[in-house]
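Inspection log for the structure reproduced underneath, given as structure tokens.
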Amino acid sequence: MSEQANPKKSFWKELLPTKPLDKKQIKREVKSYIVITLCLCLYALALVMFIINSNIVSGGVNGVSTLLYYATGHTIPVGISAFIINGVLLLIGFKILGNAFGFKTIWAIFFLSFFVTLWQGIIKQPVLDQDPFLSAVIGGALIGLSIGTAFNYGGSTGGTDIVALIVTKFHNISPGRVILYCDLCIISSSFIVFYYFLGKTPEESLRVVLYGFVVMMVTSYTIDLIVMGAQSSVQMLISSRKHEEIADMISNEMHRGVTLLDAQGHYSKEKSEVLLAVVRKYEMQDVLRRIRDIDPDAFTSVTKATGVYGKGFQAFK
């Protein structure tokens, strides 16, 4: 049966790795899943302990689920509604974007919902009941730490990331800006929930919105701090006897361009090829690990690129 006649087979073939992994890659993947899972556990703990139990609303799908939790009188657990919303977004994303989401995204959506439900059943009271501002700061920092670390290991929490991919497919706008607008709308709508549904005063409702913005800003700053400016780029010069194999890896696995430069060693007078590649900073560690797997003796120089314009990077404006 062909793949067109069997769409399920095609779906899983694109979703899972297409090439068999060697022992080093398997070990690395197992480590990444363990770290991502621990990050999700910390994310859920911070969300429940410092955000939800303190009557604060964060951004993203978890923020929407938190609003539903408050508006329904704490009858719909945040983890369950978040799982349902993320599932719907995934289905829409698959329909519009195809199989653009890796297995780690599905993994993260499932386990984040699981951990949020777990912690909600265990932790019933806020840790800092008399200081919601400090709860917003600590909660935002821990959430940012969790998300940033998960990003470094190839993880994604889905949610508004899926919305951003869908919007950017049809409109010339950055994903970060779409996520920002989504979070602003979600947090701002908490005023309506607290004022009209929960009977809070305008001052109390506005305070919830402001605390939500604090969470958003602290989370964003911490993510940038952990990821070290994921949108910035680095230039790599690689000298190796296995330059063809390394160039194929960068082109086929990382989907980045490579330039071959003719070079000659001053001492040995031997002619060689030096690879020139520009990658995103968050891709750098993956490239370095793969270079080490191919040739542990390769000489690699990495410099920061202050501006990279062209296909795959920033557009000229």
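Just so it is clear, the model here is predicted, and its values are computed rather than measured.
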Stepwise side chain to side chain contact (heavy atoms under 4.5 Å, CB included) check, Phe115 with Thr37: CA-CA 10 Å; Phe115 284 128; Thr37 304; 3.9 Å; yes
Hey, does [Y] have a side-chain heavy atom less than 4.5 Å from the side chain of [X]?
X: Leu206; Y: Thr201; answer: no
X: Ile291; Y: Ser240; answer: no
X: Thr300; Y: Leu288; answer: yes
X: Val214; Y: Val137; answer: yes
X: Val209; Y: Ser205; answer: no
X: Leu47; Y: Ser58; answer: yes
X: Ile250; Y: Met236; answer: no
X: Ile56; Y: Val208; answer: no

Pairwise distance [atom1]([X]) to [atom2]([Y]) - rounded to 0.5 angstrom:
X: Lys124; Y: His74; atom1: NZ; atom2: NE2; value: 11.0 Å
X: Ile143; Y: Ile223; atom1: CD1; atom2: CD1; value: 9.0 Å
X: Glu273; Y: Thr259; atom1: CD; atom2: OG1; value: 11.5 Å
X: Gln120; Y: Ile80; atom1: CD; atom2: CD1; value: 9.0 Å
X: Ser220; Y: Ile179; atom1: OG; atom2: CD1; value: 9.0 Å
X: Thr105; Y: Ile36; atom1: OG1; atom2: CD1; value: 9.0 Å

Stepwise side chain to side chain contact (heavy atoms under 4.5 Å, CB included) check, Gln285 with Arg290: CA-CA 9 Å; Gln285 292 301 325; Arg290 292 293 291 121; over 6 Å; no
Consider only side-chain heavy atoms of I, L, V, M, F, W and Y, link residues closer than 4.5 Å, and tell whether [X] and [Y] are in one cluster.
X: Leu142; Y: Met217; value: no
X: Phe114; Y: Leu90; value: yes
X: Leu67; Y: Ile76; value: no
X: Ile96; Y: Val88; value: yes
X: Leu237; Y: Ile294; value: no

Looking at [X] and [Y], would you say the former's side chain and the latter's main chain have a donor-acceptor pair under 3.5 Å?
X: Thr219; Y: Gly140; answer: yes
X: Gln235; Y: Val302; answer: no
X: Thr222; Y: Gly144; answer: no
X: Ser190; Y: Ile187; answer: yes
X: Ser54; Y: Ile51; answer: no
X: Asn86; Y: Ala82; answer: yes
X: Ser251; Y: Asp248; answer: no

Donor-acceptor pair between Tyr43 and Asn62 side chains, under 3.5 angstrom: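 Yes - a donor-acceptor pair under 3.5 Å links their side chains.
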Any donor-acceptor N or O pair under 3.5 Å, side chains Thr75, Thr72: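 Distance-only check passes for Thr75 and Thr72.
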Phe194/Tyr70 aromatic ring centres below 6.0 Å: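 Yes, the ring of Phe194 comes within the 6.0 Å limit of the ring of Tyr70, centre to centre.
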Ring centre gap for Trp107 and Phe111 strictly below 6.0 Å: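 Yes.
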Side chain to side chain contact (heavy atoms under 4.5 Å, CB included) assessment of Gln264 paired with Glu270: CA-CA 5 Å; Gln264 177 179 311; Glu270 293 183 0; over 6 Å; no
I'd like to know whether [atom1] of [X] has more than 12 heavy-atom contacts from other residues, nucleotides or ligands below 6.0 angstrom.
X: Phe213; atom1: CZ; result: yes
X: Tyr33; atom1: OH; result: yes
X: Gln125; atom1: CD; result: no
X: Arg289; atom1: CZ; result: yes

Please name the pair of heavy atoms, one in [X] and one in [Y], separated by the smallest distance, quoted to 0.1 Å.
X: Ala141; Y: Val218; value: N-CG1, 3.3 Å
X: Arg241; Y: Asp295; value: N-OD2, 3.9 Å
X: Val274; Y: Ala263; value: CG2-CB, 3.6 Å
X: Cys41; Y: Trp119; value: O-NE1, 3.3 Å
X: Val279; Y: Val287; value: CG1-CG2, 4.3 Å
X: Ala247; Y: Val258; value: O-CG2, 4.0 Å

Val234 vs Glu283, side chain to side chain contact (heavy atoms under 4.5 Å, CB included): CA-CA, chis, key distance, verdict: CA-CA 9 Å; Val234 295; Glu283 299 171 324; over 6 Å; no
Note: Arg280-Asp286 ion pair, threshold 4.0 Å (strictly below):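 No, Arg280 and Asp286 are not salt-bridged.
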Salt bridge Glu29-Lys104, side-chain N to carboxylate O under 4.0 Å: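 Answer for the salt bridge query: yes.
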Mutual orientation of the aromatic rings belonging to Phe110 and Phe83 [parallel < 30°, tilted 30-60°, perpendicular > 60°]: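 It falls in the perpendicular class, over 60°.
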Parallel, tilted or perpendicular, as decided by the 30° and 60° cut-offs, for the rings of Tyr195 and Phe191: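 Correct class here is parallel.
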